[in-house]
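Taking it in order: structure first as structure tokens, then the write-up.
Note that the structure is predicted; figures quoted are calculated from it, not measured. Lettering follows sequence order; numbering is per chain, from 1.
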Amino acid sequence: MTSWHISVDSSQNLNRQAHPKKPSSVSVLQLNGSKEEGQLGDGSFEFLLRKGKFMLDSIVEQPLHSLNDFFDSNKLMLLEADIFSLLKALAHSGNWERALLFFEWVVLNLKSSNVKIDNQVVELMVRILGRESQHSIASKLLNVIPLEDYSLDVRAYTTILHVYSHTGKYKRAISVFERMKETGLSPTLVTYKVMLDVYGKMGRSWDKILGLLDEMRSNGLKFDEFICSTVISACGREGLLNEAKESFAKLKSQGYVPGTVTYNAMLQVFGKARIYSEALSILKEMEDNNCPADSVTCNELVAAYVRAGFYKEGATLIETMMCKGVMPNAVTYTTMINAYGKAGKEDQALKLFDKMKESRCVPNVCAYNAVLRMLGKKSRSEDFVT
DNA sequence: CTAGGGTTAG
């Protein structure tokens, strides 16, 4: 099972010669609970399991700041351990920070003995940070892990690309994506989705986006809601109206049935460009296709109304939303408050802000900023009391 | 229960 094993010191080899039938690595925690390898008979395996559990518990008990000292003083035992299982157990018990510190410690100690970490351990660490959405930490970690030394799987690569996308390192994402393909790995639908997002956020890359879509087609991948919404929102970001319309039509002609998210992205494209006829026809298409509207749909419509100066209509829409069971959220209220503020309707804005709190919608930073900016502009900050 | 999408921001 665990074919990889890191041998670091000679004492371990002596140990192995003395007991050649023992498992070659200490299984720290038997997560799946399977009774494998028939090693339970002589009791030594159980002992090793207990030892592993003990190691896990000891790490979890350590305060974060003294963890490195703990690792150093238990160096021999830890480097002999099944690092993969120990990492997995740490992450599984909600200790991703300890997992990270352990990983970094292992990297440091193995580097000094010129031993490479196993691919699977790197993949696991990437996955742990990805799941925790620790993008900037992952990004920093990737600066010290030479990726070209490892042959990671597609999923690890995809997570890494997502990390680069999320931390704005678009150029690096593109070069890692290219290198990944050179090593013979085939990108999955999700990989392509992340890359479409990278080009979309980087901007000025519409031809690249079309290129990726062609590549996907020739690899036999089917476009889904994720792919389509990403492409349309890329258009929205740069005001590519015709491109949005064309690709939307093309995708539909290929049998793709748009969902709420893609319709929302289309609404944003036309709403932002103030082309209300098109926005309304999108809305009509949604209704015709029985595609349910959600809070984002309503927020886009509210934004479209107030951009055109239709404050009453925007406010009424919020009421309608509530009647239909779609609760307005912080985005809805912030959009309206901003609009009132710009129009010099401070009283209306403050009334709405109160209503927001009454309806138990917790104001976020954007909402407070909208109110404060408005009051600051009017030099009426004395009216603002919590 | 392996990775992934859309909305506020003067």
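Considering CG of A:Leu87 and CZ of A:Arg98, their distance stands at 14.0 Å, rounded to 0.5 Å.
Within 4.0 Å (heavy atoms only), A:Arg373 reaches sugar-phosphate atoms of the nucleic acid but no base atom. Among the atoms of the strands shown, base atoms are found under 4.0 Å from some heavy atom of A:Asn299. Using a 4.0 Å heavy-atom distance criterion, A:Thr262 is classed as making no nucleic acid contact. Contacts of A:Asp224 with the nucleic acid, taken as non-hydrogen atoms under 4.0 Å apart, include base atoms.
Checking each of A:Leu108, A:Leu86, A:Ile145 against A:Phe103 for a side chain to side chain contact (heavy atoms under 4.5 Å, CB included) leaves exactly one that passes, namely A:Ile145. Results of the side chain to side chain donor-acceptor pair (under 3.5 Å) test with A:Asp294 over A:Asn264, A:Asn299, A:Thr260 single out A:Asn264 as the only residue that passes.
Here the range on DNA chain B touched by chain A, meaning any atom under 4.0 Å from one of its heavy atoms, is B:dT2 to B:dG10.
Using modelled atom types, one finds no donor on one side chain facing an acceptor on the other under 3.5 Å when comparing A:Thr335 with A:Asn338. There is no side-chain donor-acceptor pair under 3.5 Å between A:Ser136 and A:Ser139.
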Show every donor-acceptor pair shorter than 3.5 Å between a side-chain atom in residues 60-68 of chain A and any protein atom, with sequence neighbours excluded, or say none if there are none.
unit_1	atom_1	unit_2	atom_2	d
A:Ser66	OG	A:Pro63	O	3.3

